[in-house]
Every structure is written in C-alpha cells, then in structure tokens.
There are 4 protein chains.
Amino acid sequence: MANKSKPIPSLVKDPELVKIRRGQIIRAAVDLFVEKGFHKTTTREIARESGLGIGTLYEYIQSKEDVLYLVCDFIHSDVEQKLDELMTHGHTGRETLISAIRDLFRVMDDAQDHVLLIYQEMKSLPSDMLRYVLAKEEEITSRFERILERGIQDGSLKLEPGSVKLMAHNIVVLGQMWTFRRWILSRHYTLEEYIEHQTSLILQGMTAVDEVSKK
Amino acid sequence: MANKSKPIPSLVKDPELVKIRRGQIIRAAVDLFVEKGFHKTTTREIARESGLGIGTLYEYIQSKEDVLYLVCDFIHSDVEQKLDELMTHGHTGRETLISAIRDLFRVMDDAQDHVLLIYQEMKSLPSDMLRYVLAKEEEITSRFERILERGIQDGSLKLEPGSVKLMAHNIVVLGQMWTFRRWILSRHYTLEEYIEHQTSLILQGMTAVDEVSKK
Amino acid sequence: MANKSKPIPSLVKDPELVKIRRGQIIRAAVDLFVEKGFHKTTTREIARESGLGIGTLYEYIQSKEDVLYLVCDFIHSDVEQKLDELMTHGHTGRETLISAIRDLFRVMDDAQDHVLLIYQEMKSLPSDMLRYVLAKEEEITSRFERILERGIQDGSLKLEPGSVKLMAHNIVVLGQMWTFRRWILSRHYTLEEYIEHQTSLILQGMTAVDEVSKK
Amino acid sequence: MANKSKPIPSLVKDPELVKIRRGQIIRAAVDLFVEKGFHKTTTREIARESGLGIGTLYEYIQSKEDVLYLVCDFIHSDVEQKLDELMTHGHTGRETLISAIRDLFRVMDDAQDHVLLIYQEMKSLPSDMLRYVLAKEEEITSRFERILERGIQDGSLKLEPGSVKLMAHNIVVLGQMWTFRRWILSRHYTLEEYIEHQTSLILQGMTAVDEVSKK
DNA sequence: CATGAATGAGTCTTCATTCAT
DNA sequence: GATGAATGAAGACTCATTCAT
C-alpha cells in the first residue's frame with residue numbers, strides 16, 4: 001500500500017518543476033515505447049516528443065534506463081489507481097472477488113498497451129530498479145491474496161491455505177494474459193466473454209462441495 | 001503437428017554443413033541471449049562463441065534477427081520434442097491431462113531460461129518471423145485443447161465447450177508463469193508443489209458435481 | 001539562372017553554423033575525392049580532414065552520398081561564379097563568344113581537378129541528386145546557347161538554328177576535354193595554344209562565306 | 001596498330017582455356033558493370049554470372065581490378081574491330097573523313113553503354129593498367145589524325161598542321177559525347193541528325209575558301 | 001582444374017551522453 | 001534552468017581474397 005518508488009536523482013532542485021517535466025517525459029516515452037519498443041526509441045525522440053531539448057531531458061534523468069523506470073513506475077501507479085477507484089467491496093469475499101476480477105481484467109484491457117509494455121521491457125531495467133518494479137507487481141497480487149483470505153474466512157470461498165498465494169498470482173497473470181495473448185484470444189472471445197469464462201473457471205475451483213450441490 | 005519453419009537463406013550450399021554450423025550458432029546464441037538479452041549481444045560475440053569468424057557467421061544468416069528466429073525456432077522444437085517424449089496417454093482424458101500438465105510444467109522448468117528468453121525477445125522478431133513463432137505457440141496450446149476434448153467426450157472432464165480453448169491457454173500460460181514469475185513463486189513453492197497445487201486448482205474447475213459428491 | 005540546389009537536411013538548426021561546418025566538410029572532401037576518389041575515401045577521413053568528429057560529421061549530412069552532392073554542387077557553383085566574374089560582353093555576339101570560350105577554358109584549367117572529379121564521380125549520386133547536378137550542367141551550356149543566338153541575330157555568327165544547341169554543347173565539352181584528356185593534350189598544347197586552336201576551329205565553322213571571302 | 005595489351009597472369013596454363021574462361025568472365029562483367037558500376041559489383045556476382053565458382057574466377061585473374069582491365073581492353077578491341085569493319089576508303093581524304101565520322105558515331109551509339117562504362121570506370125584502374133587503356137584511346141584518335149593528314153595532302157581538307165591532332169581528338173570526343181551527354185542530346189537529336197550536324201560543323205572549319213565559294 | 005567455405009579488415013552509420021553557452 | 005552542438009565508442013554487415021579438398 002505504501003508504494004515506495006526508487007527516487008531518480010535530478011539536477012533540477014525545484015521538486016514541483018521536476019514533477020511537471022517528468023510528466024512530459026513519461027507521457028512522451030510511454031507512447032514511443034509502446035510504438036517502437038524501448039531499444040528502438042532514441043533519447044532524442046523522447047526529448048522531442050516531450051517538448052524538451054536533449055540537454056534539458058538529461059537535467060531530469062541520468063540515463064535512458066531512468067526513463068524506462070519512470071514509465072514502469074507510472075504505469076503501475078496508474079493501474080493501481082484505477083483499481084483503487086473501481087474496487088468496491090461486496091458483502092462476501094466471493095462477491096468482492098468476482099467484482100475485483102472484473103475490475104482487474106477491465107483495467108488490463110484498458111491499459112493493455114501499457115501492461116504489455118512493462119511485460120516486454122521490464123528486463124531492460126538495471127537490477128536495482130527491477131526490484132522496485134517487481135515489488136509493485138507483488139503488491140498488486142497481494143490485493144487478491146487479501147480478498148481470497150477474506151472469502152475463506154467468511155466461508156464464501158473454499159481454498160486450502162497453501163494455494164492462496166498461487167491463486168492470487170493466477171488471477172493476476174490471467175489478467176495479463178489478456179494483453180500478451182491478445183493476438184489469439186481476441187479472435188475467440190470479447191473482453192466480457194473472457195471475464196465471464198475466466199471468472200467461472202476460477203470460482204469453480206473454489207466452491208465448496210455442498211454449495212455446488214445446492215445449485 | 002507438421003511444424004513449418006520459415007527457411008532462412010544461407011550462402012553455403014551444403015545443407016548438412018548448414019545444419020552443423022547453425023547448430024553451433026544457435027548453441028552460442030541461446031547462452032548469450034539468456035545471459036545478456038538479444039539487444040545487448042553483439043554479432044561478434046555470437047561469432048566468437050560459435051567458434052566462427054564474423055564473416056563466416058554471415059554465410060549462414062542474413063541478419064542478426066535471423067539468429068533470434070533460429071533460436072526461437074530451436075527452443076520451440078526442443079520444447080515440443082520433450083513434450084512428445086513425455087506425453088503418455090492415460091486411460092481417461094482426465095488422467096492424460098494430469099500427466100500432461102505435469103510434463104508441461106517440468107519441461108518449462110527444465111527449459112526455464114529458454115522459455116523466458118522467447119517470452120522476452122519474441123517481440124524483436126520481424127513480423128513475418130513472428131508469425132511462425134506464434135503459430136508454434138498456438139500449436140502447443142492446441143495439444144491441450146485436444147486432451148480436454150477427449151476428457152469431455154469420455155466424461156472424465158466437465159467443461160462447457162466455450163471454455164475449452166481458454167482452459168488450454170490457461171494451462172500453458174500457467175506453465176510459462178513458472179518461468180516468468182519464478183522470482184517470487186520459487187520463494188513459496190517447489191516445482192512439485194507448484195505442479196500439485198496448480199493441477200488441483202485446474203481440475204477442481206472441471207470436475208462434475210456428482211463426482212465431487214461421491215468423494 | 002536561379003540555381004536551385006537540393007536541400008540536404010541537417011540535424012543542426014543554426015543555418016549559419018551549418019554553412020560553416022559544411023564549408024569545412026566540402027573543403028576536406030574535395031581534396032580527398034580528388035586524391036583517392038569517392039569510393040576509396042572513408043567517412044572517417046572526411047571527418048578527420050574536416051576537423052570534426054565522425055559523429056559531428058553526421059550532424060551535418062545524412063549519408064556519404066550527401067557529401068558527394070555537396071561537393072558537386074559546390075564545384076558547379078564555383079565554376080559558375082568564376083564564369084560570372086569573367087564573362088565580359090563584347091560588342092558583337094562573335095566577340096562575346098571568343099572571350100567566353102577563353103574564359104570557360106581558363107576556368108576549366110583553373111578548376112581542372114574539380115571538373116574531372118564531377119565527371120568521374122557524378123554517376124555515384126543517387127538519381128534524385130543526379131538530376132540537380134545535371135540541371136546545373138545544362139545551365140552552363142545554355143549560357144553559350146544564348147551567346148550563340150545573339151551572334152546569329154547581330155549577324156556576327158552564322159549557324160543554322162538546329163545546330164545552336166549542339167554547338168553550345170560542343171564548346172562546353174571541348175572545355176571539359178581539356179581536363180579529361182589532359183594526359184595527352186598537355187603534351188602537345190599549352191592552355192593558351194589550346195584555346196587559340198579550338199577557338200579558331202569553332203569559329204571557322206560559323207563564319208559567313210562572304211565574310212570568309214573578304215578576308 | 002599493333003595493339004599491345006598488358007598480359008594478365010593466370011594460374012591456369014592452357015592458353016586456350018584461359019581465353020574461353022576469360023570470355024565468360026568479360027561477358028558477365030560488362031553487363032554487371034554497365035548495370036551497377038564497378039564498385040557496386042561484387043566478385044561473387046561476376047563469378048555467378050560467369051558460370052564459375054568464386055575460386056575458379058580467381059584462377060583466371062589476380063584481383064577485381066584485373067577484371068576491369070579485361071573489360072576495358074575488350075571494349076576497346078571491340079570498338080576498334082567494328083571501326084575496322086566499317087572504315088571504307090573514299091577517294092579523297094574528305095570523303096573518307098565523312099564516312100569515318102559516321103562510322104565512329106554509329107559505333108559509339110551501338111556500344112554506348114560500353115563506351116560510357118570505360119569513361120566512368122577507367123579511373124579505377126591501377127596506373128600501370130591505365131597506361132595501356134589510354135594508349136588504346138590514343139590509337140583510335142590517331143586513326144583520325146591519319147585521315148586528316150591524307151585530306152590535307154590531297155587538298156580536300158584545309159587545316160593548319162598544329163590543329164590536326166586537336167581536330168582528331170575533337171572528333172573522337174564528340175563521338176563519346178553522344179554517350180555521356182545522351183541524357184540531354186537525345187531529347188533534341190536522333191543519331192542521324194547528330195551525325196549530320198556534327199559532320200557539317202566539323203567540316204565547315206576545314207573547308208578551303210575557294211571551295212566554299214564554288215558551292 | 002574446379003570449387004566454395006572461411007576469413008577479418010574495413011565500412012558506414014547510430015546514439016547515449018556531456019558541457020559550454 | 002534550458003539548450004543543442006559535439007563526441008566517439010560501438011554496432012551490424014560486406015566483400016575481396018585464400019586455401020584445403
């Protein structure tokens with residue numbers, strides 16, 4: 001919840017200005033990275049699209065990889081924020097989970113290019129920055145862990161303790177899968193169909209026998 | 001099943017020699033790409049590790065991207081071959097599925113660096129090559145589709161038709177997830193635990209109600 | 001008359017600086033091309049002789065062929081400018097022609113290495129640049145067309161209309177011939193002798209019969 | 001008349017075979033050089049088009065420049081041979097000259113690509129080979145010198161002795177001009193018109209006054 | 001004599017980064 | 001703080017030539 005980001009040093013002292021300029025940089029870089037990938041995007045292009053001179057760009061970052069980090073950090077924050085806005089609390093853990101899955105998948109769809117970007121370029125980060133990005137990844141997963149645990153406690157979800165973490169990862173990865181297997185999935189399913197089927201598959205595995213029987 | 005690969009032109013005529021030298025090249029490149037990534041590996045390094053001169057390297061490929069394609073193609077073939085060797089047929093579709101999942105996940109673990117490599121560098125392929133690689137990806141997935149269908153037919157698996165394809169993708173992606181979330185998963189699960197839990201989660205969603213009751 | 005040159009893009013914005021640096025580049029390249037030819041001159045040599053880093057060189061051009069174009073353009077402009085300075089107007093077209101031939105041939109002699117350079121390397125230009133260079137070549141020829149026409153009108157030169165263009169080309173080519181057959185011509189003629197004989201040969205063909213008789 | 005060519009060493013001893021193979025090489029190289037120029041043609045291409053292996057090619061030459069020399073030598077011989085076949089002797093020197101000019105220009109037109117090739121690539125020859133090629137160039141010119149002298153002697157041509165050599169060069173160069181200014185000349189003149197106008201311009205300068213009067 | 005695989009020096013060009021203004 | 005000209009290390013790729021078979 002407390003999202004620590006690695007502070008990227010800037011030569012410029014005024015923090016407000018740094019925020020503004022980095023906003024420009026991130027906006028430009030996201031689009032360029034999505035379009036051409038990190039390696040094929042040049043710092044000059046980033047500067048130009050940011051509306052800054054190349055020299056100015058380097059007043060706010062120290063290396064091209066800093067930009068990648070800022071972008072990854074921004075996308076993660078953006079995803080988290082969107083999840084925060086949506087995530088409503090149902091009565092039971094199960095209800096909350098159903099709507100959380102729907103929310104997550106919609107956010108993934110909404111930000112598909114960005115999510116895919118992180119997926120494909122993350123490995124280009126220097127390892128110290130990578131750690132921070134992975135931590136954010138874990139943080140999103142842990143949200144689902146918490147929901148699952150609530151469901152187990154209130155009896156609306158049945159899941160052995162050892163599988164909780166795994167199920168949380170599964171849910172998040174199945175969300176991301178919508179972006180990185182989109183080339184084939186979109187041929188067979190709309191987003192809503194995808195949500196419906198996946199939710200159903202996920203929940204069936206966590207439904208108490210007696211509840212199944214009742215149906 | 002018939003895996004067509006895009007033929008990469010070579011200046012050398014003797015096909016046997018081409019096979020040998022490309023073997024050297026692939027072996028060298030796989031290691032280098034795993035270690036430093038495609039972009040940070042130079043053609044000279046590939047040549048040196050292959051035991052060839054840089055000129056000789058280019059007798060067997062036309063561009064650096066050709067090497068990436070050869071590598072992806074090799075890894076896919078390797079994975080498929082390993083699956084072929086393992087994949088035993090159980091009596092029921094369900095039994096076959098259980099062992100197929102185990103086989104798949106073990107192969108993924110075995111070739112984890114290679115699978116991860118494909119995942120991270122695939123996007124650097126020119127689009128015509130990418131098509132071939134994606135086709136192989138689809139081919140692996142369709143193996144599981146076929147198993148699922150057999151299980152549905154023999155009544156050992158319960159799954160609505162519209163979810164078959166999706167479930168197949170899920171299984172494959174959960175296999176790959178073992179490679180690309182290894183940094184966190186391995187903290188909590190061994191491979192065998194991972195297999196066990198995932199198999200259990202996957203199957204629970206496909207178990208007929210009455211069968212559940214019987215237990 | 002209005003000599004349009006193809007604008008070569010530069011990454012550097014300041015037009016004054018571009019002019020200065022390109023001046024350095026052209027000066028260096030002319031010498032190198034004269035000495036070793038276009039193909040055997042490397043971009044690094046051009047950079048070094050220009051007093052620039054190789055990176056800096058490419059801030060002012062986009063390809064090696066751009067340098068060739070700049071050089072050709074420069075030489076043509078230089079030749080034209082020298083012709084402009086010299087070309088005096090005699091009373092009659094005939095008088096003008098005589099001094100124009102002398103001027104042309106002297107300029108050719110003066111810039112022999114450069115003229116020869118254009119002759120030998122022009123074909124290495126990409127076709128769009130070639131068009132511009134050929135247009136300049138035509139422009140120089142048309143100067144002589146105009147002089148010839150004046151001579152025909154004032155009666156000092158006799159030439160059927162269909163031969164005007166041809167004669168203009170002849171004159172220019174005979175001027176260039178002094179550069180590309182220099183290896184043999186200079187054994188038999190000095191520049192002034194060459195001018196004298198050629199002028200005489202050229203004019204005899206354009207002298208009215210009665211005027212000949214009068215002599 | 002005795003055309004000495006520089007002997008190019010060959011590893012193959014049988015002179016008949018050398019002649020055959022070099023014939024193949026020259027035929028292939030001429031076409032390639034015309035199409036793409038000497039520098040942009042690779043030895044591999046020459047070998048392939050010759051129907052030889054690259055190794056075999058080097059059994060018959062010692063360097064790529066040897067091929068250029070063979071080609072230049074071949075073209076010159078070809079031009080000379082064609083001139084030999086055509087050059088008829090008129091009664092007077094003047095008549096001979098008129099038909100010689102026509103023959104020369106027609107040969108130039110016929111072999112325009114080849115003539116242009118020599119013109120553009122000659123400079124790439126090593127200086128010792130260049131000497132031989134220039135000697136052939138001189139030899140062709142001297143044919144016209146001889147005709148001119150005959151015309152002077154039989155009184156059918158009027159030309160001061162100091163201009164004979166020059167006039168011979170002029171005629172040859174005006175013939176070559178048909179190839180290297182073809183881009184513009186062909187817009188205004190057909191070959192026959194070109195021949196007619198040039199012959200007329202050339203001869204007018206060499207016509208005795210009294211003869212002019214007689215007409 | 002014929003072949004073609006092997007070679008590596010050499011080529012053009014790119015691009016992240018710096019620093020003087 | 002902003003700028004952009006300068007830089008050169010590094011990269012992908014080519015090609016004339018050789019030599020073992």
Side-chain angles (χ1 to χ4, degrees), chain A residues 10-14 17-18 21 39-48 51-67, chain B residues 10-14 17-18 20-21 39-48 51-67, chain C residues 10-14 17-18 20-21 39-47 51-65 67, chain D residues 10-14 17-18 21 39-48 51-67:
Chain A
S10 167
L11 293 177
V12 176
K13 295 306 161 201
D14 177 358
L17 187 54
V18 171
R21 291 279 181 268
H39 280 104
K40 294 204 170 163
T41 300
T42 67
T43 51
R44 270 172 143 121
E45 287 172 314
I46 296 170
R48 179 158 18 88
L52 304 174
I54 180 68
T56 312
L57 176 66
Y58 273 85
E59 297 271 302
Y60 294 94
I61 56 161
Q62 297 202 299
S63 75
K64 193 185 170 191
E65 279 151 349
D66 282 358
V67 178
Chain B
S10 166
L11 292 178
V12 175
K13 295 299 160 71
D14 178 3
L17 187 56
V18 171
I20 293 170
R21 292 279 180 269
H39 280 104
K40 295 208 170 164
T41 301
T42 69
T43 52
R44 287 190 132 86
E45 286 172 314
I46 297 170
R48 178 157 20 87
L52 304 174
I54 180 68
T56 310
L57 176 65
Y58 273 88
E59 295 269 299
Y60 295 93
I61 55 160
Q62 299 205 297
S63 72
K64 194 185 170 192
E65 279 154 347
D66 280 357
V67 178
Chain C
S10 167
L11 292 177
V12 175
K13 294 301 159 69
D14 179 3
L17 187 56
V18 171
I20 293 170
R21 291 281 180 269
H39 281 105
K40 295 207 170 164
T41 301
T42 68
T43 51
R44 288 192 128 85
E45 286 172 315
I46 297 171
L52 305 174
I54 182 66
T56 312
L57 176 65
Y58 273 88
E59 295 269 298
Y60 294 93
I61 56 160
Q62 299 204 300
S63 72
K64 194 185 169 192
E65 279 153 348
V67 178
Chain D
S10 167
L11 294 177
V12 176
K13 295 306 161 200
D14 178 358
L17 188 55
V18 171
R21 293 278 181 268
H39 279 104
K40 295 205 172 164
T41 300
T42 67
T43 50
R44 270 172 143 121
E45 286 172 314
I46 297 170
R48 179 158 19 89
L52 304 174
I54 181 67
T56 313
L57 177 66
Y58 272 85
E59 297 271 303
Y60 295 93
I61 56 161
Q62 298 202 299
S63 76
K64 193 185 170 192
E65 279 151 349
D66 282 357
V67 178

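The figures here come from the full heavy-atom set of this structure, side chains too, leaving out hydrogens, waters and symmetry mates. On a predicted model such as this, the values are computed, not experimentally measured, just so you know.
The shortest heavy-atom contact between Lys64(C) and His39(C) is NZ-O, 3.6 Å.
In this entry the distance linking NZ of Lys13(B) with P of dA5(E) reads 8 Å, nearest Å. dA2(E) atom C1' lies 15 Å from atom CD1 of Ile61(D), rounded to whole Å. Spacing between atom CG of Asp14(C) and atom P of dA20(E) amounts to 19 Å, rounded to whole angstrom units. Regarding Ile20(C), its CD1 atom lies at a distance of 15 Å from the C1' atom of dA6(F), rounded to whole Å. Between the CG atom of Leu57(A) and the P atom of dT3(F) there is a distance of 11 Å, given to the nearest Å.
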Next item on the list: Determine, stepwise, if the pair Leu17(A) / Tyr60(A) fulfils side-chain contact (heavy atoms from CB on, under 4.5 Å).
Entry: CA-CA 10 Å; Leu17(A) 187 54; Tyr60(A) 294 94; 3.6 Å; yes
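Taking CD1 of Ile61(A) as the start and OG1 of Thr56(A) as the end, the distance is 11.0 Å to the nearest 0.5 Å. Residue Arg44(C) holds its CZ atom at 10.5 Å from CG of Leu57(C), rounded to the nearest 0.5 Å.
Considering only side-chain N and O atoms, Tyr60(A) lies nowhere under 4.0 angstrom from the phosphate OP1 or OP2 of dG1(F).
For the pair Glu59(B) and Leu52(B), the minimum side-chain heavy-atom distance is 4.5 Å or more. Residues Val12(D) and Arg21(D) fail the side-chain proximity criterion, which asks for heavy atoms closer than 4.5 Å.
Base pairing of dT21(E) is made with dA2(F), judged by Watson-Crick or G-U wobble geometry with both donor-acceptor distances under 3.5 Å.
When heavy atoms are screened at a 4.0 angstrom cut-off, Leu11(A) is found touching no nucleic acid atom at all. Counting any heavy atom pair closer than 4.0 Å across all strands shown, Arg48(A) reaches no nucleic acid atom.
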For nucleotides 15-18 of chain F, tabulate all protein N/O to nucleotide N/O atom pairs closer than 3.5 Å, reporting atom names and distance.
from    : atom 1 : to       : atom 2 : distance (Å)
dA16(F) : OP1    : Lys64(D) : NZ     : 3.2
dA16(F) : OP2    : Thr43(D) : N      : 2.7
dA16(F) : OP2    : Thr43(D) : OG1    : 2.8
dT17(F) : OP2    : Tyr58(D) : OH     : 2.8
dT17(F) : OP2    : Lys64(D) : N      : 2.9

